[in-house]
Novice: 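Below you'll find the structure I mean.
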Amino acid sequence: MNFSFKKLNQSMWKSHKETKDLVTMAELRSHSNAGVATAEMPGKKQKAAVGKEQTDRKKSYSTTQMVGLFLGPILFLLVLFALPLPGLSDPGRAVLAITAWMAVWWLTEAIPLGITSLMPLILLPLMGAVDGNTAASSYGDSLIFLFIGGFALALALERWNLHERIAITVLSAVGASTSGLVLGFMIATGFISMWVSNMATVMLMIPIGLAIIAKVVTLMKEDNVYTMEEEQKFTKSIVFAIGFGGTIGGSATLIGTPTNLVLAGLAKELFGFDISFAQFFLFAFPLTVLLMIFSIFYITKIAYPMKVKKIANGRQFVLERKQELGKLGYEEKIVLAIFVMTGFFWMTRTFLWSDLIPGLSDTMIAMVAAVLLHAIPASGKTGERLLGADSLKNMPWGVLLLVGGGLALASGFNGTDLASWIGNQLMLLDGAPYLLVLFITTLLGIGMTQMTPNTATVTILVPIAAALALAIDVHPLPLMTAVAMGAGFAFMLPIGTPSNAIIFATGKITMMDMLRKGTGLTVLALFLIVVFVYFVLPVIFGINQFEYPASLK
């Protein structure tokens, strides 16, 4: 186990160093250092690290991947031919077998997630569960293009360094106290991750955080208030603020994390529900704000309370970086305008624009933004635009395919008797209090995501939650949302999400640090999700959660 985390630490540190060089434009600022820099490994020589990495690359599969590679098709065959499933039709059995195979490969990452997600194109028509055109149409769902538009915005923010300006602006406004810096990092990371992928946001903020940590430690020594304990507390506070802030903020919007898009896609595929950007934001944003407030209090007052409350000139480093960035450039102004316009239309579409522009959707708004970003020229460089054709190479195609694969599986659930059959098996919970069912559903999502990829988790569990709702005769949307929101909050282990892996790879926090601090936050997230799903969601979406709609039966 130690060996595997050591390898993870080395790999993620190298990725962090390369990304830091990119976002800080190290190569442009130092022409003498042409070529790709090799990341320094804490406590290891570069040469040894490179040799070790080359040795590791010789292994095509890890032990876990190798087990998953064979376990997937074995489970497929067992479900298809050996497992007693009375009452389930052959097409339904086929969809269940395909789901079992894909679930194993998703969870163990035996092959890339996006490639695993293409299997429904082969297996669903081959097994006679869904025709090929229906399966293929899932990969062209409108939500896929909503995600593409969101990533175009994220790429533009990153290309013109507007995301760093946003982060620095927030940090410069929070004061010179140590707790204020923690607050600033969590707010800045959380806000950016609402629009940019959690991993990219954390990768951006970690280099800034480490630089500010070094500066604050120097100022502590100048003020004669330095101790090793205070340095460790402040360092861990900043690192956790960045990691937790990225995870929490991403759950506030539909495009902030793939789990939310999977929820929206499956809700539409299974039941025809159209979860708008504004509706989801009104539900999720207050939840994430409360969780973030508690996180800041927990980190600064309970986990790492510091004796040093304020540092002389503590904001100086941030202010100096803000001065270096200078005034908004032409490109930054245009990207910011498109960003604000897109957010405004997303937030106001359902109650302001739907009647004025019939047929307007969140996807259309996202596509307008993407087209503008690729059409408007940049200044000073002939032939360049705000985003070039190379932006397509940086799109998260693996995630997009995973969402499409989940929708294709959902079409199999919807096109056979599998959903109703699963619901009948879940009659064990019939008669249990609804709050208990909601709690168990949320616990399943938030517990499973601590150890497995969150997108794969939600893709597997949301259709099961929908079937459970049918079995106990309650509205499916609350249970589906509870699973999806739970799957978005992985705080306890480095393997839970790339954001966790990145902060763990800094070497500033230990496994026990993450487990102890993440557990408290996970428990709070669990209860907040249950409360918000039970009391807030029905009001915002206008549903009766205690009754399964007759139109869906």
Novice: Just to verify, which of Ile334, Val335, Val340, Leu336 counts as forming a side-chain contact (heavy atoms from CB on, under 4.5 Å) with Ile338?
Specialist: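 Result: among Ile334, Val335, Val340, Leu336, Ile334 is the only option passing the side-chain contact (heavy atoms from CB on, under 4.5 Å) with Ile338.
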
Novice: Does any donor atom in the side chain of Asn260 or Thr257 lie under 3.5 Å from an acceptor atom in the other side chain?
Specialist: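 The answer is no; no qualifying pair exists.
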
Novice: Which ring pair (Phe, Tyr, Trp, His ring centres under 6.0 Å) pairs, counting each pair once, include a residue from residues 356-378, with sequence neighbours left out?
Specialist: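 Sorted result for residues 356-378: empty, none.
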
Novice: Given 3.5 Å as the limit, does a donor-acceptor pair link the side chain of Trp105 with the main chain of Pro73, or not?
Specialist: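 Looks like no, no N/O pair under 3.5 Å.
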
Novice: Donor-acceptor pairs are to be reported for all side-chain atoms of residues 81-102 against protein atoms at under 3.5 Å, with residues two or more places apart or in another chain.
Specialist:
| from | atom 1 | to | atom 2 | distance (Å) |
| --- | --- | --- | --- | --- |
| Ser89 | OG | Gly92 | N | 3.3 |
| Ser89 | OG | Asp417 | OD1 | 2.7 |
| Ser89 | OG | Asp417 | OD2 | 3.4 |
| Arg93 | NH1 | Val79 | O | 2.7 |
| Arg93 | NH1 | Leu83 | O | 2.8 |
| Arg93 | NH2 | Leu83 | O | 3.3 |
| Thr99 | OG1 | Val95 | O | 2.8 |

Novice: Would you please classify the geometry between the Phe244 ring and the Phe491 ring as parallel, tilted or perpendicular, with 30° and 60° separating the classes?
Specialist: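 Plane angle over 60°, so perpendicular.
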
Novice: Describe, in one word, how the ring planes of Phe281 and Phe285 are oriented to each other, choosing from parallel (under 30°), tilted (30 to 60°) and perpendicular (over 60°).
Specialist: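 Rings of Phe281 and Phe285: parallel, under 30°.
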
Novice: What distance do Leu373 atom CG and Ser391 atom OG have between them, rounded to the nearest 0.5 Å?
Specialist: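 Separation between the atoms: 9.0 Å.
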
Novice: Indicate every side-chain donor-acceptor pair of residues 110-120 with a distance under 3.5 Å to a residue at least two apart or in another chain.
Specialist:
| from | atom 1 | to | atom 2 | distance (Å) |
| --- | --- | --- | --- | --- |
| Thr116 | OG1 | Pro112 | O | 3.4 |
| Ser117 | OG | Trp106 | NE1 | 3.2 |
| Ser117 | OG | Leu113 | O | 2.7 |

Novice: Grab the two heavy atoms, one from Met514 and one from Asn500, that are nearest each other, plus how far apart they are.
Specialist: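 Heavy-atom minimum between the residues: CE-O, 3.6 Å.
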
Novice: Less than 3.5 Å apart, which donor and acceptor atoms pair up between the side chains of residues 537-546 and the rest of the protein, not counting sequence neighbours?
Specialist:
| from | atom 1 | to | atom 2 | distance (Å) |
| --- | --- | --- | --- | --- |
| Asn544 | OD1 | Phe546 | N | 3.2 |
| Gln545 | OE1 | Tyr434 | OH | 3.2 |
| Gln545 | NE2 | Tyr534 | O | 2.8 |

Novice: Please tabulate, for the side chains in residues 458-466, all donor-acceptor contacts under 3.5 angstrom to protein atoms that are two or more places apart in sequence or on a different chain.
Specialist:
| from | atom 1 | to | atom 2 | distance (Å) |
| --- | --- | --- | --- | --- |
| Thr459 | OG1 | Thr455 | O | 2.7 |

Novice: Does the pair Leu386 and Glu331 meet the rule for a side-chain contact (heavy atoms from CB on, under 4.5 Å), with working shown?
Specialist: CA-CA 7 Å; Leu386 296 179; Glu331 291 85 1; 3.9 Å; yes

Novice: Taking only residues at least two apart or on different chains, which pairs with a member in residues 243-253 satisfy side chain to side chain donor-acceptor pair (under 3.5 Å)?
Specialist: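 Checked against side chain to side chain donor-acceptor pair (under 3.5 Å) - neighbours excluded - no pair reaches residues 243-253.
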
Novice: Work out which heavy atom in Val104 is nearest to a heavy atom in Leu75; give both atom names and the distance.
Specialist: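 Smallest interatomic distance, heavy atoms only, reads CG2-CD1, 3.4 Å.
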
